[in-house]
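Reading through the structure tokens given below for one structure.
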Amino acid sequence: MDHETASYKYAPLDPSSHVIRLVTILPGQPDDRIDLEITHTILPPADTESVTNKAAIIEIQKTLPPNWYANETLEGRTLFYKENDDGTAMSQWDHPDPSIGSESSNSAEHSDSHQLEYEALSYVWGSSEVHEYAHVVSGDKRSQSSCLGLAKNLSEAIRHLRDSQERKVMWIDAICINQGDVTERSEQIKRMDIVFRRARRVVAWLGPMCRDVDLAFKLISLAGRKIEMFASGGYHVAPGHTMQADGGLMEIGLQSDAATWEAILRVVSMPWFERLWIVQEIWLASPAPVLRCGEAEILWKLFRNGIMVLRFSRYTPSHYLERLYNSEMIGLGDSPSNFTFEELLWDHSARSCSSHHDKIYGLLGVMPRMIAKAIRDTANYTKPVEQVYKEVFLLRAKQSARLDLLQFCPDGDSTSFPTRVPDSRPTWVRSWHVSCNKYVPLHLTTAAGYSPSKFQYIEPDRLEVAAVTIARISTVENPQVNTFSDIVSYFRRTDLRILQKKSDHTGQAMFDAHLYCFLRGFSAEFNDSLGWASFNEVKNYILVNIRQAEGVAPEANVPRIPQWQEHVISSWCPGSAILTSADNIIGIGSSSMQPGK
């Protein structure tokens with residue numbers, strides 16, 4: 001930094017107003033110094049009502065011919081679709097009844113009258129060490145400036161995004177929020193969802209380069225054009241393409257070479273996908289966010305849809321599919337609006353962030369509205385992080401009258417929390433920044449349905465809960481499952497003659513009871529929208545694999561279950577145990593559970 005150039009001093013923001021900062025990147029050539037302007041502007045407040053098309057869809061459905069359906073896409077458009085007589089499915093944007101015509105929602109994607117003319121940058125901070133200094137100027141007076149330090153990742157992003165002729169107005173957190181002012185950070189963090197909603201465009205900066213990124217983006221774009229994803233979850237074939245009625249994609253053209261698959265895996269393994277803040281930054285983006293890697297660019301919609309197709313495509317080699325499932329991109333495939341508060345915290349708890357507080361604050365924009373408002377009203381970076389976690393637990397318990405967050409708490413094994421300060425946190429509060437056993441909770445399965453919990457909080461850290469004894473655990477068996485083949489091995493090393501004959505308390509075979517635990521109830525009988533194999537198909541497939549391992553010739557016409565279903569099932573198993581009660585009830589729970597409890 002030039003010793004004659006002063007450091008940039010932030011003008012304070014009024015915390016009672018809706019004022020934010022924007023940064024203008026002045027034009028320049030690749031090797032020119034970075035010149036910036038920093039200005040204040042009014043950010044329109046959030047809409048008081050959420051934008052939804054559900055009511056309209058219900059009304060549209062009443063006007064459709066037989067066997068036609070309508071649903072809202074993630075982009076807010078209405079898709080009309082049907083199953084053909086030959087077993088394939090198709091879709092279109094126009095209403096199938098010409099007398100009604102196309103819906104106005106399909107003339108253009110939703111626009112926001114409050115959008116401002118700036119782009120919001122989503123990126124990975126990386127090292128905080130100053131890489132170079134930008135010059136903050138006033139107007140066109142480049143000779144009169146002050147300096148602002150930029151970390152390496154941000155410096156590279158600005159140099160790649162800077163235009164050689166035009167000024168570019170952006171919102172960049174490291175610049176537009178005074179990071180040295182904790183009070184300002186606490187206030188501005190409450191507006192992050194509005195910042196990304198109001199932006200003209202969101203640019204997700206992956207990095208300056210990734211080998212063969214063009215190959216990856218080309219195949220992903222091709223796949224992404226084949227489907228439309230629904231706001232309510234799931235997907236359907238896009239207009240102009242066909243799909244088998246059971247969900248299998250046809251004529252997808254996804255056969256490719258190893259170099260392309262390796263390039264895709266390199267892209268989805270980039271640090272941006274591991275960052276926690278991107279969950280709300282990309283999902284709240286309006287109207288058409290893009291991913292940028294060096295000079296290569298792809299629409300987020302095509303990238304998101306393309307990865308979804310690759311997950312379920314028959315053309316994806318199994319060894320690449322396994323690595324794809326292990327990437328953090330998989331957790332970005334479904335809209336956060338389809339998840340509960342508890343699921344959001346858990347599903348994204350392994351993502352990285354610079355402050356432990358952001359394990360909560362970084363998801364404010366995608367949380368259910370009531371709990372988000374309660375947390376936003378109390379957000380404060382000066383609070384000890386364990387106090388924040390405890391307050392969130394109590395806020396959620398009070399609002400929902402349930403204790404669903406207890407399932408994520410430490411289960412008596414203090415080694416799961418190596419950084420815990422003794423007695424600094426009650427045992428019923430999860431330290432979200434500390435990793436523990438990768439036990440996948442039993443979402444959608446609650447013993448008492450949604451009846452309220454009976455509990456009482458007693459200052460400072462006591463939680464009294466009313467409980468009912470259902471059964472006493474007699475055995476806890478850790479199957480050590482990480483892949484689907486491990487499930488096959490588990491049944492193989494267990495005496496099948498006993499498992500197939502002995503009945504649990506329901507009267508079903510023990511084999512079936514154990515398999516239901518591994519499947520967690522998910523099969524075609526539960527949800528066939530994505531082409532899940534049926535329970536009996538999974539069972540027969542396991543039995544065939546066992547017989548083959550024992551040298552018995554396989555039976556004819558026993559289909560393999562979808563590879564993606566194998567990976568989904570096995571991803572639920574780490575950290576889980578098969579539990580047996582004294583009265584022969586079979587269940588699944590955390591591997592840290594103990595007999596007699």
Side-chain angles (χ1 to χ4, degrees), residues 1-43 116-192 194-196 198-199 203 205 207-208 277 281 353-355 357-358 361 380-382:
M1 181 174 68
D2 189 339
H3 292 292
E4 297 181 359
T5 305
S7 297
Y8 177 73
K9 302 295 184 183
Y10 282 96
L13 298 177
D14 181 358
S16 63
S17 69
H18 294 282
V19 175
I20 62 169
R21 297 186 186 91
L22 293 176
V23 58
T24 300
I25 304 172
L26 301 186
Q29 299 302 316
D31 294 330
D32 290 347
R33 77 181 196 183
I34 296 176
D35 286 342
L36 309 173
E37 287 182 5
I38 298 178
T39 56
H40 293 192
T41 190
I42 299 292
L43 180 70
L116 301 177
E117 286 301 313
Y118 68 90
E119 295 183 352
L121 182 65
S122 173
Y123 70 107
V124 176
W125 276 36
S127 171
S128 60
E129 182 179 348
V130 173
H131 179 69
E132 70 170 303
Y133 286 91
H135 291 255
V136 183
V137 303
S138 177
D140 294 326
K141 300 177 181 179
R142 294 197 175 190
S143 60
Q144 301 177 15
S145 64
S146 53
C147 287
L148 183 66
L150 302 178
K152 184 174 186 293
N153 287 0
L154 180 54
S155 169
E156 291 176 339
I158 291 176
R159 288 192 172 278
H160 277 81
L161 297 174
R162 176 173 60 179
D163 192 271
S164 61
Q165 302 294 327
E166 302 292 332
R167 298 157 62 94
K168 183 183 286 290
V169 182
M170 302 195 74
W171 184 91
I172 303 173
D173 55 0
I175 297 176
C176 296
I177 298 176
N178 182 358
Q179 300 298 325
D181 186 337
V182 178
T183 301
E184 179 178 307
R185 283 173 56 204
S186 299
E187 286 298 322
Q188 290 293 302
I189 215 72
K190 303 172 184 179
R191 302 184 175 95
M192 292 303 91
I194 314 175
V195 167
F196 281 85
R198 296 287 186 248
V203 178
W205 173 250
W277 278 97
E281 291 170 355
C353 50
S354 57
S355 169
H357 296 70
D358 291 339
Y361 299 159
N380 190 335
Y381 280 101
T382 64

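Every heavy atom of this structure was used, including side-chain atoms; hydrogens, water molecules and symmetry mates were not.
In this structure, I25 and L36 have side chains that are in contact, with non-hydrogen atoms separated by less than 4.5 Å. When side chains are defined from C-beta on, E166 does not count as touching P27, because their heavy atoms never get closer than 4.5 Å. Using a 4.5 Å cut-off on side-chain heavy atoms (C-beta onward), D14 and H40 make no contact. Taking the side chain as every heavy atom from C-beta outward, Q179 and S128 never approach each other to under 4.5 Å. Residues L13 and Q188 have side chains in contact (heavy-atom distance under 4.5 Å, counting atoms from C-beta outward). Residues P208 and H160 have side chains in contact (heavy-atom distance under 4.5 Å, counting atoms from C-beta outward). V23 places none of its side-chain heavy atoms less than 4.5 Å from the side chain of L121. Using a 4.5 Å cut-off on side-chain heavy atoms (C-beta onward), L148 and Y10 make contact.
Heavy atoms only, all atoms of each residue included: W171 and F196 are closest at CZ3-CE1, 3.8 Å. Scanning both residues, M192 and I177, for their nearest heavy atoms gives CE-CD1, 4.0 Å. Closest of all the heavy-atom pairs between P15 and R191 is O-NH2, 3.3 Å. Taking each heavy atom of S127 and A151 in turn, the nearest pair found is O-CB, 3.2 Å. In this structure, R21 and C176 approach most closely via the heavy-atom pair NH1-O, 3.2 Å. Here the closest non-hydrogen pair linking V137 and E37 is O-CG, 3.6 Å.
A donor-acceptor contact shorter than 3.5 Å is absent between the side chain of R162 and the backbone of L26. Between the side chain of Y118 and the backbone N or O of V195, at least one donor-acceptor pair lies under 3.5 Å.
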Given M170 and L161, is the side chain to side chain contact (heavy atoms under 4.5 Å, CB included) satisfied, shown in steps?
CA-CA 10 Å; M170 302 195 74; L161 297 174; 4.1 Å; yes
* Determine, stepwise, if the pair I175 / L150 fulfils side chain to side chain contact (heavy atoms under 4.5 Å, CB included). => CA-CA 9 Å; I175 297 176; L150 302 178; 4.0 Å; yes
Next item on the list: Please report the C-alpha distance between T41 and V19 in whole Å, then the side-chain angles of each, then the deciding distance to 0.1 Å, and finally whether the side chain to side chain contact (heavy atoms under 4.5 Å, CB included) criterion is met.
Entry: CA-CA 5 Å; T41 190; V19 175; over 6 Å; no
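Rounded to the nearest 0.5 angstrom, L43 CG and I194 CD1 are separated by 5.5 Å. Distance check: K190 NZ to R185 CZ gives 13.5 Å after rounding to the nearest 0.5 Å. For the atom pair NE2 of H135 and CD1 of I34, the computed distance is 9.5 Å after rounding to the nearest 0.5 Å. Taking CH2 of W277 as the start and OG of S354 as the end, the distance is 8.5 Å to the nearest 0.5 Å.
Side-chain N/O atoms of N153 and W205 include no donor and acceptor closer than 3.5 Å. Between the side chains of Y8 and N178, no donor-acceptor pair of N or O atoms lies under 3.5 Å.
The aromatic rings of H357 and Y381 sit tilted relative to each other, their planes meeting at an angle between 30° and 60°.
None of R159, R33, K152 except one satisfies the salt bridge (Lys or Arg N to Asp or Glu O under 4.0 Å) rule with E132; the exception is R159.
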